Amino acid sequence: MTWDWNYVADVLPALLDGLRITVIATLLGSLVALVLGLVFAVLMRGPAPVRVVVRALVEFVRSTPLLVQVFFLFFVLPQFGVTLGALVVGVIALGLHYAAYNSEVYRAGIEAVPRGQWEAATALSLPRSRVWTGVVLPQAIPRVLPALGNNVISMFKETPLLIGIGVLDIVGQAREAGNTTFRYVEVYTIAGLLFLVLSYPAALLVRRLERRVVGT
Amino acid sequence: MIVFEGVEKRFGDNVVLSDLDFTVASGEHVTLIGPSGSGKTTILRLLMCLEAVSDGVIRVGGRPLSHMEKGGRLVPADEKHSREVRKHIGMVFQQFNLFPNMTVRGNLVEAPTRVLGLSRDEADARAVELLDLVGLAEKIDEHPSRLSGGQQQRVAIARALAMRPDVLLLDEVTSALDPELVAGVLKLLREIGETTDITILCVTHEMGFARDFSHRVMMFDGGRIVEDAPPEELFTAPREPRTQEFLRAVLGR
């Protein structure tokens, strides 16, 4: 088995296009996951009925495989008249799945804010919304940024699951190329390297963030 | 100013306060003393609406605090009502509880702008004036973590005063301080007591302070008022054996 540089040059544009899709899916999925996770975490401190519903949703999402959720959204929703593009479904599925995990991360951060902070805010009659945005979240979120960052990296590495619904991410493109030429070494090696090139620096960044958070 | 009518507070089966009746006049300084677990702090927490009464009614300034009037009857207060009545009550905590994510200035202007609707400039002027009073004018742009415990507590007092409260609740405000910092905070409180007409309820273990600061001292034990008398009387000639015993223990005589 030899390494064919000409072949590499041929498939690289397609793989880079796949990388673009992977990055888009990760960024949009993370945006959904970061916002929705925070909403879940805040609602879990709300009145009993809301809390129970959100808790159940989070447990459900955490207890079922991401791939099942992806397939469910892609193949079952159209039967109810909701047809979405593969990438959109991917973003929603990744976003929802990681929102469930992020909500637990946020929750830990929120619980780490001392009770006295809530009480002082209450004693000053601050409106509930301002207690969250002005007092609790500014203290809770910096502490959990590293954990949230790790979840972004995890999501990045899980996007290949979306090839199951035809999203041509890095791995999707690699598979396409490999299936036409029957040369697999180059394409999967490059696919792996592309993941490494992005996720390793990202992991280093998170580690630095961790040290900063611990330092404060 | 403050009226407790048959107030009871239970946590599960544990009765913390039972059938409590007392009034505090406007401008009066009342100190609550007694062994820990006697319910003193719970009284302050009920007044601040950090806890709900299990039974009875609390009134502040003639208005029910724990309840609100609805169709001629008293029903438990909702969040909106509590917030409205609470605006006139300030509280200083044992652990200061300054907001660490804000500067000293931020801590002081937060509630006046958000709750009282003061403009940023008005709130700022008030903050400057109060920091001057507590002797920390130069710390206005510091974060609380850069201040000593005593300084933090003085900022916390300023923060409570920034709301121009009618009632100020002091919950063991010197208990978490290093001994050498206690005097400064107590001196400040005396000054506030002398120069304002704020009604002050104070839970403290500083008997010297209780004696010269309060108009009245209430001795608590087991969720009840054991003795309620002016400080000169209660400290020099306590009538109740339980008070005598408690004072002997804390004063070591």
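Chain letters run A, B, ... following the sequence lines, proteins first, then strands; residues in each count from 1. All figures in this text were calculated on a predicted structure; none of them were measured in a lab.
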*Asks:* What pairs of residues pass the ring pair (Phe, Tyr, Trp, His ring centres under 6.0 Å) test when at least one of them lies in residues 77-126 of chain B, not counting sequence neighbours?
*Replies:*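 Sorted result for residues 77-126 of chain B: empty, none.
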*Asks:* Between B/Met48, B/Arg86, B/Met163, which has the largest tally of heavy atom pairs under 4.5 Å with chain A?
*Replies:*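 Result: the option with the highest number of such pairs is B/Arg86.
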*Asks:* For B/Arg126 and B/Glu122, run salt bridge (charged side-chain N to carboxylate O under 4.0 Å, His left out): C-alpha distance rounded to whole Å, both residues' side-chain angles, the deciding distance at 0.1 Å, then the answer.
*Replies:* CA-CA 6 Å; B/Arg126 197 180 275 194; B/Glu122 289 169 315; over 6 Å; no
*Asks:* Anything in residues 86-114 of chain A with a heavy-atom distance to chain B below 4.5 Å? Please list those residues in order.
*Replies:*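 Near chain B, by residue number: none.
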*Asks:* Can you establish whether the number of heavy atoms outside A/Tyr200 located under 6.0 Å from its atom OH is more than 12?
*Replies:*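 At most 12 heavy atoms, drawn from other residues, nucleotides or ligands, come within 6.0 Å of this atom.
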*Asks:* Residues of residues 136-158 of chain A under 4.5 Å from chain B (heavy atom pairs)?
*Replies:*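 Residues in range: A/Pro138, A/Gln139.
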*Asks:* Which residue pairs pass the side-chain hydrogen bond (donor to acceptor under 3.5 Å, both in side chains) test when at least one of the two sits in residues 42-55 of chain B, sequence neighbours left out?
*Replies:*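 Matches after skipping sequence neighbours: A/Glu119-B/Arg45, B/Arg45-B/Glu51.
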*Asks:* Has B/Asp197 got more than 12 heavy atoms of other residues, nucleotides or ligands less than 6.0 Å from its CG?
*Replies:*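 Atom CG in B/Asp197 is not crowded, with 12 or fewer foreign heavy atoms closer than 6.0 Å.
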*Asks:* Classify the ring geometry between B/Phe22 and B/Phe4 as parallel (under 30°), tilted (30 to 60°) or perpendicular (over 60°).
*Replies:*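 Ring orientation, 0 to 90° scale: parallel.
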*Asks:* Is chain A contacted by the side chain of B/Leu98, its backbone, both, or neither, given a heavy-atom distance below 4.5 Å?
*Replies:*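 Answer is backbone: N, CA, C or O of B/Leu98 sit under 4.5 Å from chain A.
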*Asks:* Where does B/Ile89 contact chain A at under 4.5 Å (heavy atoms): side chain, backbone, both or neither?
*Replies:*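 For B/Ile89, backbone heavy atoms alone lie under 4.5 Å from chain A.
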*Asks:* Would you mind checking if A/Glu59 and A/Arg55 are paired as a salt bridge, meaning a charged N to carboxylate O distance below 4.0 Å?
*Replies:*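 Salt bridge between A/Arg55 and A/Glu59, a charged N being under 4.0 Å from a carboxylate O: yes.
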*Asks:* How far apart are the closest heavy atoms of A/Val61 and A/Gln69, and which atoms are they?
*Replies:*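 Here A/Val61 and A/Gln69 meet closest at O-NE2, 2.8 Å.
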*Asks:* For A/Arg62, does the CZ atom have more than 12 heavy-atom neighbours from other residues, nucleotides or ligands under 6.0 Å away?
*Replies:*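 More than 12 heavy atoms, drawn from other residues, nucleotides or ligands, come within 6.0 Å of this atom.
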*Asks:* If I compare all heavy atoms of B/Thr199 with all of B/Gly27, which pair ends up nearest, and what's the gap?
*Replies:*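 So the minimum-distance heavy-atom pair works out to OG1-N, 2.9 Å.
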*Asks:* Where do B/Leu133 and B/Leu188 come nearest, in terms of heavy atoms and distance?
*Replies:*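 Nearest heavy atoms, B/Leu133 then B/Leu188: O-CD1, 3.9 Å.
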*Asks:* Would you call B/Arg10-B/Glu8 a salt bridge at under 4.0 Å N-O?
*Replies:*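 Yes, this pair counts.
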*Asks:* Which one wins on heavy-atom pair count under 4.5 Å against chain A: B/Val92, B/Leu116, B/Asn97?
*Replies:*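 Top count of heavy-atom pairs under 4.5 Å with chain A: B/Asn97.
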*Asks:* Output the option from A/Gly116, A/Ser125, A/Pro127 having the highest count of non-hydrogen pairs under 4.5 Å with chain B.
*Replies:*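 Result: the option with the highest number of such pairs is A/Ser125.
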